[in-house]
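Written out below as structure tokens is the structure these notes cover.
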Amino acid sequence: MTTSHQSGTDPVAGLAAGASCEPATATVLDVVIPVYNEEVALTPAVERVVAHLRRLPWSFRVTIADNASTDGTAIVARRLDHAYDEVHVVHLAEKGRGRALKRAWNRSAAQVLVYMDVDLSTDLNALLPLVAPLISGHSDLAIGSRLRSGSRVVRGAKREVISRGYNLLVRGALRARFSDAQCGFKAIRADIAREVLPLVEDNAWFFDTELLVLAERIGLRIHEVPVDWTDDPDSRVDIWRTARDDVRGIARLGRGLITRRIPVRDVAVRLGRASADAGGGRLGMQVVMFGLIGVASTLAYGGIYLLLRTSMDAQLANLLALLITAVGNTAANRRLTFGVSGPEGMVRHQVQGLVIFLIGLGVTSGALWAVDASNGSGHGHHGVEVVVLTVANLLVTVMRFVAMRVWVFARGAREV
């Protein structure tokens with residue numbers, strides 16, 4: 001009865017019983033705190049983290065990852081290293097949160113690797129539910145989420161809008177299923193980290209998003225924990241520059257997945273997670289990339305058409321504008337949307353693209369004839385022609401995607 005009462009009121013005590021069979025020398029948790037110029041905040045943060053970790057049933061260490069601080073952070077870190085047996089310091093010569101985490105995690109011998117921001121915006125009571133599924137083997141990664149039901153968040157309206165907008169962008173562009181990419185409170189099993197980290201290219205703030213997207217494509221299990229989170233009013237993160245870099249990161253990562261430059265399937269096989277869906281999401285990324293190329297082609301078509309229309313009739317201007325943009329569209333989609341590179345098949349793909357072009361020409365020419373017929377004289381305003389042709393081209397764009405996927409680049413489509 002006593003044991004039952006204790007396990008019901010103190011989950012830490014219950015977990016301690018299950019962890020007692022581990023070797024005393026094994027380090028279970030390595031909590032990394034990446035810092036840059038945090039000489040004031042570092043000591044109270046480390047003291048709070050160490051005190052909290054001592055209440056948990058697992059052996060641990062705290063790693064201060066000092067990435068090129070220029071104030072007294074390095075001195076404060078060394079003092080903490082001497083004051084606590086559990087505290088260690090890693091110094092880097094270059095800035096970057098992602099770089100600091102890669103260095104600290106790659107050097108760690110712990111079973112579960114954690115990181116949290118030095119401002120401790122996330123309530124430390126979420127640490128136990130964050131790491132427990134990883135220690136038990138239930139999950140591969142765990143993230144704190146400010147957007148899950150049950151979370152409590154205190155922050156300004158601007159940060160709220162930016163955060164939600166960014167996560168919607170990631171979910172839409174990269175077909176991510178996790179709810180919160182950028183909360184500075186995450187954990188990963190060390191064996192998983194050794195396989196996934198070499199694939200992560202970003203060394204700054206996009207590191208989190210890239211790690212999670214790759215983990216999903218590999219087929220790893222991501223555990224989400226709703227957290228209590230309070231915005232740090234002294235945050236020095238440049239929101240707009242970070243947002244710009246994140247958008248660039250999304251584009252780079254998307255291209256890498258589409259072109260299969262990132263070997264997510266190989267990692268999935270090594271980890272025993274390979275399935276029909278491993279590395280999936282390719283159709284969604286193809287649609288996104290094709291859409292972006294389609295928008296660019298449509299705008300280019302409109303500009304070329306208006307330029308040519310000043311010196312020739314509508315049908316000839318339409319023919320030349322479509323022909324120029326069709327060649328460019330096929331080349332761009334070949335490389336970026338369907339991941340085909342090299343000279344092999346290039347001529348055939350362009351010929352097939354021109355067949356699609358002829359069909360599009362028929363649709364747009366028919367639209368022009370309809371405009372001429374409605375005007376009677378055939379001398380309507382050029383702007384009206386452009387609007388009608390743009391609508392026709394959007395319809396042709398849908399047809400072009402289907403034709404490219406099931407005919408022109410059918411082999412690549414089946415392999416995804």
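We use all heavy atoms of the structure for the numbers below, so side chains are in, but hydrogens, waters and symmetry mates are not.
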Point to revise | Derivation and outcome, side-chain contact (heavy atoms from CB on, under 4.5 Å), residues V46 and I33 | key: CA-CA 8 Å; V46 170; I33 304 177; 4.3 Å; yes
Review point. Between the main-chain N or O of V28 and the side-chain N or O of Q111, is there a donor-acceptor pair closer than 3.5 Å?
Key: no
Review point. Is there a donor-acceptor pair closer than 3.5 Å between any side-chain N or O of N329 and the backbone N or O of T325?
Key: no
**Study point:** T63 and V31, any side-chain heavy atoms less than 4.5 Å apart
**Key:** no
**Study point:** L141 side chain near H223 side chain, heavy-atom distance below 4.5 Å
**Key:** no
Exercise for review: With side-chain contact (heavy atoms from CB on, under 4.5 Å) as the test, would you mind laying out the steps for Y166 and V170 before giving the verdict?
Suggested key: CA-CA 6 Å; Y166 176 73; V170 171; 3.6 Å; yes
Review point. Do R155 and S163 meet the criterion of a side-chain donor-acceptor pair at a distance under 3.5 Å?
Key: yes
Check your understanding: So, do W407 and I356 sit near enough that their side-chain heavy atoms are less than 4.5 Å apart?
Key -> yes
**Study point:** Atom pair CD1 (I262) and CG (L253), whose distance is rounded to the nearest 0.5 Å
**Key:** 5.0 Å
Check your understanding: Just how far is it from atom CG of D180 to atom CZ of F185, taken to the nearest 0.5 Å?
Key -> 12.5 Å
Review point. Which pair of non-hydrogen atoms, one from A77 and one from V89, has the smallest distance, and what is that distance?
Key: O-CG2, 3.4 Å
Practice item. Without swapping roles, check the side chain of S151 against the backbone of P226 for a donor-acceptor pair under 3.5 Å. Key: no
Review point. I222 versus E216: any side-chain heavy-atom pair under 4.5 Å?
Key: yes
Review point. Closest heavy-atom contact between L308 and A321?
Key: CD1-N, 4.0 Å
Review point. Between CD1 of I250 and CG of D245, what distance do you get to the nearest 0.5 Å?
Key: 11.5 Å
Check your understanding: Hey, does the side chain of S365 reach the backbone of G362 with a donor-acceptor pair shorter than 3.5 angstrom?
Key -> no
Review point. Is there a donor-acceptor contact under 3.5 Å from the side chain of D117 to the main chain of D119?
Key: no
Point to revise | K102 side chain vs D202 backbone, donor-acceptor pair below 3.5 Å | key: yes
Practice item. Would you check if there is a donor-acceptor pair between the side chains of T73 and N37 at a distance under 3.5 Å? Key: no
Practice item. Identify the heavy atoms of A41 and V118 that sit nearest to each other, and give their distance. Key: O-CG2, 4.3 Å
Review point. Taking all non-hydrogen atoms of both residues, which atom of L134 and which atom of R189 are closest, and how far apart?
Key: O-CD, 3.6 Å
**Study point:** Gap separating the CZ atom of F357 from the CG atom of L323, nearest 0.5 angstrom
**Key:** 4.5 Å
Practice item. Please examine the side chains of D228 and T122, heavy atoms only from C-beta on, and report whether any two atoms are closer than 4.5 Å. Key: no
Check your understanding: With a 4.5 Å heavy-atom cut-off, do W105 and V32 have their side chains touching?
Key -> yes
Review point. Is the shortest side-chain N to carboxylate O distance from E201 to R261 below 4.0 Å?
Key: yes
**Study point:** Check: S145/S179 side-chain N/O donor and acceptor closer than 3.5 Å
**Key:** yes
Practice item. Run the salt-bridge test on R252 and E210 with the 4.0 Å N-O cut-off and return the result as yes or no. Key: yes
Point to revise | Axial cation check for W229 ring with R152, 6.0 Å and 45° limits | key: no
Review point. Can you tell me if S108 uses its side chain to pair, donor with acceptor, with the backbone of A110 under 3.5 Å?
Key: yes
Review point. Out of curiosity, F401 CZ to I293 CD1, how far, rounded to the nearest 0.5 Å?
Key: 10.5 Å
Check your understanding: What pair of heavy atoms forms the shortest contact from A187 to V112, and how long is it?
Key -> CB-CG1, 4.3 Å
Exercise for review: Answer yes or no: is there a side-chain heavy-atom contact under 4.5 Å between N318 and Y301?
Suggested key: yes
Check your understanding: Between E86 and R61, is there a salt bridge with N-O shorter than 4.0 Å?
Key -> no
Check your understanding: Can a donor-acceptor pair be found between the side chains of R97 and Y36 at a distance below 3.5 Å?
Key -> no
Review point. Side-chain contact, heavy-atom cut-off 4.5 Å: V49 with H52?
Key: no
Study note, to complete from the structure: The reported gap from CD in E195 to CG in D140 (rounded to nearest 0.5 angstrom) is 11.5 Å
Point to revise | Expected output: side-chain R171 to main-chain F178 donor-acceptor under 3.5 Å | key: yes
**Study point:** side-chain contact (heavy atoms from CB on, under 4.5 Å) between N67 and E94, worked out
**Key:** CA-CA 6 Å; N67 44 325; E94 297 178 84; over 6 Å; no
Review point. Do D246 and Q182 have side-chain atoms, one donor and one acceptor, less than 3.5 Å apart?
Key: yes
Exercise for review: Determine, stepwise, if the pair L53 / L124 fulfils side-chain contact (heavy atoms from CB on, under 4.5 Å).
Suggested key: CA-CA 9 Å; L53 286 167; L124 290 176; over 6 Å; no
Revision key, fill the gap. L29 and V114 have their tightest heavy-atom pair at CD2-CG2, 4.5 Å
**Study point:** Salt bridge flag under 4.0 Å for residues D208 and K186
**Key:** yes
